[in-house]
Amino acid sequence: GALAGISSGIGNVGIGFNAGDIITTGSSNVVIGNDADGQAASLSNAVVIGASARGQDTNTIVGQSSTGSAAGVTIVGRASTGTSTSVVVIGDSSTASGNGAVVIGNSAGSSGMGVQNIAIGQDCLDGAKTNSPTGIVAIGPLAMRGAVNVAASNCTAVGFSALTAVTNGTNNTAIGFNAGSALVHLSNNTVVGANSPLTANTGGCVVVGTSITTGNSLDSILIGNSASNNGSNSVIIGNASNGTNSNTSVLIGSSTSANGSNNIVIGSSATTGNEANSIAIGTSAVSAGAAGGVVLGHSAGSGGMGINN
């Protein structure tokens, strides 16, 4: 029966078939549910509610078959687990490990988490963990659910599938639906905008806008919806601006374009075409006739140096 094993423990409440029957010397517990119990005979100051639920000292466990395995665990949900001190788990079939972790959502979290991680959302941060990554904030269904290791510490993912594939990259921040969802192992990226997934080989980039394409960009800035580049050390600012394979280039303006390195393109629809070391400044300016061209002015033409009012 309930509390059948009590020898010297006091102030216990047990309701349910075999509830709390492991407890002998523990005190001040509330155990409710068929086969609900403590993890030790000395269980004290715990609340364990739910059929086959289990708890440690100072646990609050509410949910069928949920288990607390360290002091200070709080669980509300069915078949969930808390394995480290002072973790909070809310949701069915979820797991929190690493001291101070917070996991909210069905099937969220996993074993091997480092200290003070936060996971909020269904299937969020639920991949295998290696060497206890820390400092992770993942909010949104499927956010950061890759096989994360310690090299992916200090990441923030907010949005459905944000940073969902990251395994090694550290100091990445992604905000938005599918933001950074293709990023795998590089670091120091900031992406804000829906459907801007980056790639496995994007690193050190700042990306702001929807549907931005980064290719293999490194250490670049892309700002503007549908902007794109596949080069490094470049600044691309403007709606639908396209750097293609531009390295060490600056493109500013809607629909600007360049497909070479060391270019400066400023003005709506301005372009340096496939040339390198060129400058095109002005609305619809075109410097695409020869490398090293300089074109200044509205609708100025290509090649060499051109100035148009």
Side-chain angles (χ1 to χ4, degrees), residues 1-129 131-139 145 148:
L3 301 177
I6 289 291
S7 58
S8 60
I10 61 174
N12 295 294
V13 175
I15 301 174
F17 179 76
N18 288 337
D21 64 348
I22 290 176
I23 301 169
T24 59
T25 60
S27 300
S28 303
N29 298 294
V30 176
V31 183
I32 301 174
N34 290 349
D35 293 313
D37 224 322
Q39 299 275 41
S42 59
L43 179 74
S44 296
N45 302 306
V47 175
V48 180
I49 301 173
S52 301
R54 295 288 185 271
Q56 288 272 31
D57 288 353
T58 65
N59 283 187
T60 300
I61 311 297
V62 181
Q64 180 182 347
S65 301
S66 288
T67 301
S69 301
V73 171
T74 300
I75 298 176
V76 179
R78 181 180 177 276
S80 290
T81 303
T83 62
S84 298
T85 302
S86 302
V87 300
V88 175
V89 184
I90 301 175
D92 294 344
S93 303
S94 296
T95 300
S97 60
N99 295 345
V102 176
V103 175
I104 301 174
N106 292 343
S107 302
S110 68
S111 61
M113 293 167 61
V115 300
Q116 297 179 341
N117 293 303
I118 296 173
I120 302 175
Q122 183 171 339
D123 297 315
C124 172
L125 202 62
D126 67 337
K129 306 294 183 296
N131 298 324
S132 303
T134 63
I136 293 173
V137 177
I139 301 174
R145 68 177 317 210
V148 177

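The structure displayed is predicted, hence computed values, not measured ones.
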Original post:
Looking at residues at least two apart in the chain, or sitting in another chain, which of them share a side-chain contact (heavy atoms from CB on, under 4.5 Å) with T83?
Top reply: T81, S97
Subject >> Partner residues of S65 under the side-chain contact (heavy atoms from CB on, under 4.5 Å) criterion, sequence neighbours left out >> reply: S52
**OP:** Quick one: closest heavy-atom pair of A96 and V87, and the distance?
**Re:** CB-CB, 3.8 Å
Original post:
Listed by chain and number, what are the side-chain contact (heavy atoms from CB on, under 4.5 Å) partners of S80, not counting sequence neighbours?
Top reply: S66, I75, V89, S94
**OP:** Please report the closest heavy-atom contact between G16 and A2, naming both atoms and the distance.
**Re:** O-CB, 3.6 Å
Original post:
Going by the side chain to side chain donor-acceptor pair (under 3.5 Å) test, which pairs reach into residues 33-42, not counting sequence neighbours?
Top reply: none
Original post:
Who are the side-chain contact (heavy atoms from CB on, under 4.5 Å) partners of A79, not counting sequence neighbours?
Top reply: S93
**OP:** Hey, could you give me each pair passing side chain to side chain donor-acceptor pair (under 3.5 Å) that has a residue in residues 67-76? Not counting sequence neighbours.
**Re:** none
**OP:** Hey, could you give me each pair passing side chain to side chain donor-acceptor pair (under 3.5 Å) that has a residue in residues 7-28? Not counting sequence neighbours.
**Re:** N12-N29
Name every donor-acceptor pair, under 3.5 Å, that has one atom in a side chain of residues 102-114 and the other anywhere in the protein, sequence neighbours excluded.
from, atom 1, to, atom 2, distance (Å)
N106, OD1, D92, N, 2.9
S110, OG, G127, O, 2.8
S110, OG, K129, NZ, 2.8

Original post:
Rounded to the nearest 0.5 Å, how far does CD of Q116 lie from OG1 of T134?
Top reply: 8.5 Å
Original post:
Nearest 0.5 Å, what's the CZ-CG distance between R54 and N59?
Top reply: 12.5 Å
**OP:** Indicate the atoms forming the closest heavy-atom contact of G9 with I6, along with that distance.
**Re:** O-CG2, 3.5 Å
Original post:
What distance separates T95 OG1 from L125 CG, expressed to the nearest 0.5 Å?
Top reply: 11.0 Å
Subject >> side chain to side chain contact (heavy atoms under 4.5 Å, CB included) evaluation trace for N45 with D57 >> reply: CA-CA 6 Å; N45 302 306; D57 288 353; over 6 Å; no
Original post:
Do any pairs count as a salt bridge (charged side-chain N to carboxylate O under 4.0 Å, His left out) and have a residue in residues 104-128, sequence neighbours left out, and if so which ones?
Top reply: D126-R145
Original post:
How close do G38 and L43 get, heavy atom to heavy atom, and via which atoms?
Top reply: CA-CD2, 3.5 Å
Subject >> side chain to side chain donor-acceptor pair (under 3.5 Å) involving T58 - partner list, sequence neighbours excluded >> reply: none
